[in-house]
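Below is one structure; the comments refer to it alone.
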Amino acid sequence: MSISATEDTAERLARLQESVEELLSEAERQGASAAEASVGSSTGLEVAVRLGEVETVEHIRDNGLGVTVYFGQRRGSASTTDLSPAAVRDTVRAACAIAEYTQEDTCAHLAAPELMARELPDLDLCHPWPVGVDAAVALAVECEEAARGHDPRIVNSEGASLSTHFGLRVYGNSNGFIGGYPTTRHGINCSVIAQEGESMQRDYWWSSARAPEDLDAAAGIGARAAARAVARLNGRRLGTRKVPVLFRAEVATGLLRALVGAISGGSLYRRASFLLDTLGEPIFPEFVRIHEQPRLLRGLASAPFDGDGVATRAKDLVREGVLQTYVLDTYAGCRLGMPTTGNAGGVRNLGIDSGPLDRAALLREMGTGLMVTELMGHGVNLVTGDYSRGAAGFWVENGEIQYPVEEVTIAGNLREMFANLVAVGDDCDFPGSTRTGSWLIEQMTVAGE
Amino acid sequence: MNDSLALARDSILAPVGLGDGDLDRLLGLLTGHAVDAADIYFQSSRLQSWVLEDGIIKDGNFNIEQGAGLRVICGEKTGFAYSDELQFPALAQAAEAARAIARGGQSRSVAIGAGAPMHRLYPSINPIDSLENADKIALLRQVDAEARAADPRVREVIASLVAVHDVVLVLADDGSLAADVRPLVRMNVSVIAEADGRREQGSSGGGARTDLGFFLAEERALGFAREAVRLALTSLEAEEAPAGTMPVVLGPGWPGVLLHEAVGHGLEGDFNRKGTSAFAGRLGERVAAPGVTVVDNGTLPGRRGSLAIDDEGTATQETVLIEDGVLRGYMQDKLNARLMGVAPTGNGRRESYAHLPMPRMTNTYMRAGAHDPAEIIASVDKGLYAANFGGGQVDITSGKFVFSASEAYLIENGRLGRPVKGATLIGNGPEVMTRVSMIGNDLKLDEGVGTCGKDGQSVPVGVGQPTLRIDALTVGGTSA
């Protein structure tokens with residue numbers, strides 16, 4: 001069973017659109033003054049291999065439907081996996097039953113009609129991959145073999161997997177908006193184990209793309225996973241100290257996401273952010289520009305409209321180090337007395353401008369310090385900005401990597417870490433919708449033995 | 001036939017007209033001589049949630065999910081497909097897709113019948129109906145009022161109440177049908193306190209497999225509100241946390257997340273069969289200090305992590321993982337148990353019908369020791385007392401684990417000192433358990449708040465432990 005978006009994509013999309021329209025009319029029939037609904041359907045295939053043999057073959061088939069009804073400024077929501085006509089009626093009824101008990105909330109309303117996306121540009125997000133089970137298995141095996149053959153210290157494997165998903169989603173509301181589009185997403189990933197003496201380390205690598213031809217070569221993914229696992233062998237601990245820290249590109253994404261969390265409407269109106277009242281204030285050094293490109297062609301997080309039906313638009317979040325905008329949906333915007341920024345559902349395709357330094361130059365700029373390549377745990381407090389996480393990486397002296405480091409923590413405060421950002425590298429080299437080079441932070445506390 | 005089975009048949013099979021003949025035909029489509037095991041997992045789940053914020057009931061949601069997952073296993077290979085339609089043709093199509101993993105073979109026929117007797121750990125009720133909606137709202141409002149009255153520094157209160165009615169039916173390849181009706185309730189209170197321009201958050205909550213009356217009993221809900229306020233106010237006073245390796249005393253109850261991360265995951269059967277865990281091949285070896293006994297127990301009545309049967313129909317049990325410091329056993333699902341030549345332990349769990357089962361924890365805790373908790377704190381010259389934690393994470397291959405303290409105090413000369421800010425603690429699982437030097441007599445289980453994630457699947461779990469002294473653990477503060 002492979003998936004393919006054939007001619008009937010348009011037909012299936014039309015059926016989902018009918019379901020959304022039916023949900024909206026049913027809500028009106030049941031007395032709601034306004035409503036919004038979303039219906040999605042996806043199919044997919046995931047295969048996993050381990051030590052050259054098939055481990056699992058999973059056939060994905062997910063359906064979902066959700067509705068929010070408004071009675072004036074009271075609202076209620078309900079959702080189900082059942083797309084049948086009877087379920088439509090029952091789901092609306094369940095949402096209305098909830099709304100009997102919720103209270104007047106002056107911000108509980110749909111986005112204004114004039115803000116709705118008027119055009120739905122084709123963002124080139126749908127490239128089905130009619131790969132059969134056998135071909136998928138063969139690619140996953142090729143990926144894992146490349147990893148296992150990369151180095152004699154690769155002694156074991158958690159396996160390699162390939163996934164392909166095709167999805168349709170339609171959203172509509174009683175302010176006259178309805179829109180939907182198909183998307184695809186494909187991925188290959190590999191996780192292997194290196195061993196030398198007592199030291200055993202696992203690491204992984206992956207590729208993810210809207211179109212199969214944009215995926216990295218399977219063998220290259222495997223080789224990279226293996227190289228990463230081997231590089232971590234025989235890690236040492238560090239003594240407790242304050243040093244410069246380089247967040248390698250793949251972990252620097254977490255710092256960008258923390259920024260977005262702190263400038264998101266929900267955190268702000270709840271006063272649960274360390275960046276309260278910083279709009280128009282410098283929060284980074286002047287060289288920093290951070291932006292969102294929600295309509296990037298083939299972008300992994302691209303979308304023509306947000307979760308409220310509002311048109312998405314490209315914007316700078318930070319320019320010359322100064323915070324330009326909060327990240328708001330209709331509700332949070334209302335709570336803060338500001339218009340929505342088209343970010344219901346989050347920020348799409350976040351990025352930061354690269355600086356002039358490549359990775360080697362960044363290490364020289366740091367001189368002596370810790371390059372972090374993995375972070376563990378949940379130690380990011382967005383209310384205070386306090387940051388404390390488990391880390392692994394490499395000790396660097398005079399710009400040269402000395403040895404792998406493990407079982408240490410790094411700690412600081414995000415407000416200070418942002419202000420003391422020394423450089424952003426020109427070394428973005430991983431897949432994903434958040435794009436950044438490595439971040440060099442002036443100083444953090446490393447705790448170890 | 002037990003009442004769960006009758007309820008499950010009535011609520012899942014009867015509405016779509018699936019009879020024993022259909023189940024037999026579906027099993028026939030899944031099984032054959034090349035197939036080692038197969039099962040069908042039917043699930044029907046209802047969830048209702050309410051959120052109070054800004055002093056008003058702001059949001060509510062009702063979710064209905066149902067479907068069936070069909071699995072075929074040959075050797076180490078698994079074929080899996082699922083359907084949210086329960087009519088026979090949709091299930092037959094899913095069966096065919098799952099069965100494609102095993103080529104050749106003849107289908108066979110078995111008799112459908114009730115499985116083995118099971119535990120009765122919680123009532124077969126729908127907790128959503130256990131309290132009128134108006135009373136749920138009233139409870140959330142009381143919680144809000146309690147938190148705001150507790151201290152003028154409280155600025156925001158968010159309270160949520162969730163009830164889940166989950167009915168599952170597992171049809172194994174021997175024709176045995178096992179069913180479980182699983183109520184689950186959960187409440188959470190989160191507050192923001194503000195003073196002198198400083199803001200801090202505090203959260204508390206609890207839950208169980210029972211009805212919503214749980215939160216009214218013993219003023220539990222109000223207790224969560226008071227505790228959330230206490231934690232936020234304590235954090236307002238907190239100073240920089242220390243950085244470095246030092247003796248750490250862990251409080252009883254939820255700090256047992258240490259065990260979940262440091263040893264629990266590393267003792268799940270899949271990682272050990274594959275040799276990818278730092279504990280692989282170490283059965284019978286000393287992996288913890290004498291006196292340390294850690295168990296996983298799915299049979300505790302009413303606990304959030306408990307299950308009468310696991311998601312493969314196996315009765316849950318108490319599994320001794322570490323006994324007096326020696327590694328005794330792993331947690332197993334059917335697949336890994338068969339491949340390792342041991343018995344399943346009732347730890348085969350899945351997030352839903354749309355996910356494959358794997359070995360997962362239930363309630364994981366350390367048995368009590370002999371020390372008075374006060375004596376344990378008094379034994380430390382200079383160190384950290386960690387009373388509450390957020391979540392944790394482990395790399396099972398290297399054994400490195402972290403967990404994040406949310407309430408902690410310095411210990412100076414055997415006495416509790418100033419509160420310090422939250423910090424991540426890091427250690428090596430197999431090593432840290434050998435550094436447990438004192439075990440309290442105050443075993444406590446958590447309030448019923450845990451959710452464990454593995455391979456993208458979330459399941460409710462419990463943890464617990466007595467007060468513990470660990471001689472050396474790395475504390476990730478900023479004060480070097």
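Proteins get letters first, then strands, A, B, ... in listed order; numbering begins at 1 in each.
With a 4.5 Å cut-off on non-hydrogen atoms, Phe401(B) touches chain A through its backbone but not through its side chain. Proximity to chain B is limited to the backbone of Ser157(A), based on heavy atoms less than 4.5 angstrom apart. With a 4.5 Å cut-off on non-hydrogen atoms, Glu261(B) does not touch chain A at all. For Ala391(A), the part lying near chain B is the backbone, with the side chain staying farther off; criterion is any non-hydrogen pair under 4.5 Å. In this structure, no portion of Ser235(B) lies under 4.5 Å from any heavy atom of chain A. For Tyr353(B), the part lying near chain A is the side chain, with the backbone staying farther off; criterion is any non-hydrogen pair under 4.5 Å. Residue contact with chain A, scored on non-hydrogen atoms closer than 4.5 Å, is absent for Val51(B). For a residue to count as touching a neighbouring chain, one of its non-hydrogen atoms must lie under 4.5 Å from one of that chain's; by this rule Glu96(B) does not touch chain A. In this structure, chain A has heavy atoms under 4.5 Å from both the backbone and the side chain of Ile56(B). Interface remark: Ala241(B) contributes no atoms to any contact with chain A (heavy atom separation under 4.5 Å). Only the side chain of Arg155(B) comes within contact range of chain A, with at least one heavy atom under 4.5 Å from a heavy atom of that chain. Interface residue Val394(B): only backbone heavy atoms are found under 4.5 Å from chain A. For Lys77(B), the parts lying under 4.5 angstrom from a heavy atom of chain A are both the backbone and the side chain. Contact annotation for Asn381(A): only side-chain heavy atoms (C-beta onward) come within less than 4.5 Å of a heavy atom of chain B. Contacts between Arg232(A) and chain B at a heavy-atom distance below 4.5 Å involve the side chain alone, from C-beta outward. Only the side chain of Glu85(B) comes within contact range of chain A, judged by heavy atoms closer than 4.5 Å.
A donor-acceptor contact closer than 3.5 angstrom links the side chains of Asp62(A) and Tyr82(B). Between Thr474(B) and Arg237(A), the side chains place a donor N or O and an acceptor N or O closer than 3.5 Å (distance only, hydrogens not considered). Side-chain contact, Arg271(A) with Gln201(B): no donor N or O sits under 3.5 Å from an acceptor N or O.
Counting heavy-atom pairs under 4.5 Å between each of Glu407(A), Glu55(A), Arg202(A) and chain B puts Glu407(A) at the top. If you tally non-hydrogen atom pairs under 4.5 Å between each of Leu51(A), Asp82(A), Leu83(A), Ile98(A) and chain B, the highest count goes to Ile98(A). For chain B, the option among Phe274(A), Tyr387(A), Tyr331(A) with the highest count of heavy-atom pairs below 4.5 Å is Tyr331(A). When each of Leu276(A), Asp90(A), Val155(A) is checked for heavy-atom pairs under 4.5 Å with chain B, Leu276(A) comes out on top. With respect to chain B, the highest number of heavy-atom pairs below 4.5 Å among Gly377(A), Gly448(A), Ser388(A), Ala447(A) belongs to Ser388(A).
Using modelled atom types, no side-chain atom of Thr81(A) and backbone atom of Asp84(B) make a donor-acceptor pair closer than 3.5 Å. At distances below 3.5 Å, not a single donor-acceptor pair connects side-chain atoms of His378(A) with backbone N or O atoms of Gly390(B).
Using a cutoff of 4.0 Å between basic side-chain nitrogens and carboxylate oxygens, Arg75(A) and Asp59(B) are scored as salt-bridged. Between Lys274(B) and Glu158(A) there is no salt bridge, since no side-chain nitrogen of the basic residue lies less than 4.0 Å from a carboxylate oxygen of the acidic one.
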Derivation of the side chain to side chain contact (heavy atoms under 4.5 Å, CB included) call for Val408(A) and Ile426(B): CA-CA 7 Å; Val408(A) 297; Ile426(B) 190 164; 5.9 Å; no

Evaluate the side chain to side chain donor-acceptor pair (under 3.5 Å) criterion for residues Asn61(B) and Ser77(A): first the C-alpha distance (whole Å), next the side-chain angles of each, then the deciding distance (0.1 Å), finally the verdict. CA-CA 5 Å; Asn61(B) 188 49; Ser77(A) 303; 4.6 Å; no

Apply side chain to side chain donor-acceptor pair (under 3.5 Å) to residues Arg389(A) and Gln393(B) and explain how you reach the verdict. CA-CA 11 Å; Arg389(A) 301 188 72 188; Gln393(B) 191 185 337; 5.2 Å; no

Can Arg335(A) and Asp54(B) be said to form a side chain to side chain contact (heavy atoms under 4.5 Å, CB included), step by step? CA-CA 11 Å; Arg335(A) 291 297 306 271; Asp54(B) 303 320; 2.5 Å; yes

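Just one residue in the list Thr424(B), Thr478(B), Val475(B), Leu425(B) forms a side-chain contact (heavy atoms from CB on, under 4.5 Å) with Thr409(A), and that residue is Thr424(B).
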